[in-house]
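Scroll down for the structure; my scribbles are underneath it.
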Amino acid sequence: MSKGMTILKPEEIPIMAKACKVAAQTLEHVESYLKPGITTNEIDKIADDFARSKGAISAPLNYKGYPKATCTSVNEVVCHGVPDNTVLKDGDIINVDITAIVDGF
């Protein structure tokens, strides 16, 4: 067994599954907003509001001081881009990382 690995109890698996489902639903919800003219801060708020409406909180938010609910990486930013006032332009490539916590999972 790998150090740091947690084995879930059978009763914890449905909670973990719910967290995964909320993350997937949040990604699907955010997708419709990914258009030229929106800022990465706006994307972050849309994702955070939606996840909270489903009973989840963001895992990255406040993790070791991280200030946002998502990571939004635009174009040459490989990963972990911090949402800000960057406005998406036609042709931009964006990755939105979403991780949800439900009941501690």
Side-chain angles (χ1 to χ4, degrees):
M1 184 166 29
S2 175
K3 185 177 181 181
M5 179 184 275
T6 302
I7 309 254
L8 296 179
K9 298 174 186 160
E11 63 271 15
E12 295 172 325
I13 293 171
I15 303 168
M16 176 67 84
K18 183 177 179 186
C20 294
K21 183 176 182 178
V22 170
Q25 290 172 331
T26 304
L27 280 170
E28 289 174 351
H29 177 74
V30 166
E31 182 180 15
S32 65
Y33 293 90
L34 301 179
K35 297 177 181 168
I38 193 167
T39 69
T40 56
N41 269 334
E42 291 170 318
I43 295 165
D44 184 74
K45 179 161 179 22
I46 291 164
D48 191 39
D49 289 348
F50 183 84
R52 287 177 188 272
S53 78
K54 300 293 183 183
I57 59 170
S58 164
L61 184 62
N62 298 319
Y63 178 75
K64 296 189 178 184
Y66 189 76
K68 299 293 181 166
T70 65
C71 295
T72 53
S73 305
V74 180
N75 296 327
E76 71 280 350
V77 177
V78 176
C79 67
H80 301 144
V82 180
D84 59 16
N85 290 322
T86 299
V87 177
L88 293 186
K89 299 180 297 298
D90 190 37
D92 279 344
I93 298 169
I94 184 165
N95 178 64
V96 181
D97 292 330
I98 294 172
T99 309
I101 297 173
V102 174
D103 296 331
F105 291 91

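Since we're looking at a predicted model, the values are computed, not measured. Just so you know, these numbers use all the heavy atoms, side chains as well, and skip hydrogens, waters and symmetry mates.
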Pairs flagged by salt bridge (charged side-chain N to carboxylate O under 4.0 Å, His left out) wherever residues 44-59 is involved - sequence neighbours left out: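 Qualifying pairs, neighbours excluded: K45-D49, D48-R52.
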Contacts of T72 that satisfy side chain to side chain donor-acceptor pair (under 3.5 Å) - sequence neighbours left out: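 Result, side chain to side chain donor-acceptor pair (under 3.5 Å) vs T72: none returned.
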Test side chain to side chain donor-acceptor pair (under 3.5 Å) applied to T39 - qualifying residues, sequence neighbours left out: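 E42.
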Any side-chain heavy-atom pair of L88 and I43 under 4.5 Å: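 A side-chain contact exists here, since the closest heavy-atom pair is under 4.5 Å.
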Nearest-0.5 Å distance that lies between atom OH in Y33 and atom CD1 in I38: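 Answer rounded to 0.5 Å: 8.0 Å.
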Nearest non-hydrogen partners of G81 and S73, listed with the distance: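 Heavy atoms of G81 and S73 come nearest at N-OG, 3.1 Å.
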Connected hydrophobic set around I93, excluding itself, where side chains approach under 4.5 Å: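 None; I93 is a cluster of one.
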Side-chain cluster (under 4.5 Å, hydrophobic types only) that I57 belongs to, other residues: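 I101, listed by chain and number.
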Solution key, residues 11-28 side-chain donor-acceptor pairs under 3.5 Å, sequence neighbours excluded:
residue : atom : partner : partner atom : Å
E12     : OE1  : K9      : N            : 2.8
T26     : OG1  : V22     : O            : 2.7

side-chain hydrogen bond (donor to acceptor under 3.5 Å, both in side chains) contacts touching residues 84-96 (sequence neighbours left out):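 Checked against side-chain hydrogen bond (donor to acceptor under 3.5 Å, both in side chains) - neighbours excluded - the pairs reaching residues 84-96 are T40-D84, N41-N85, N75-D92, D84-T86, N95-D97.
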Pair listing, ring pair (Phe, Tyr, Trp, His ring centres under 6.0 Å) test, anchored in residues 68-105, at least two apart: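 Ring pair (Phe, Tyr, Trp, His ring centres under 6.0 Å) check on residues 68-105 returns no pairs.
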Ring pair (Phe, Tyr, Trp, His ring centres under 6.0 Å) contacts in which one or both residues fall within residues 42-63, not counting sequence neighbours: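 Applying ring pair (Phe, Tyr, Trp, His ring centres under 6.0 Å) to every pair that reaches into residues 42-63, excluding sequence neighbours, yields H29-F50.
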Contacts of type side chain to side chain contact (heavy atoms under 4.5 Å, CB included), residue Y66, not counting sequence neighbours: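 By the side chain to side chain contact (heavy atoms under 4.5 Å, CB included) rule, Y66 matches P60, K68, C71, V82, P83.
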Connected via hydrophobic side-chain network under 4.5 Å: V74 and V87: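 No.
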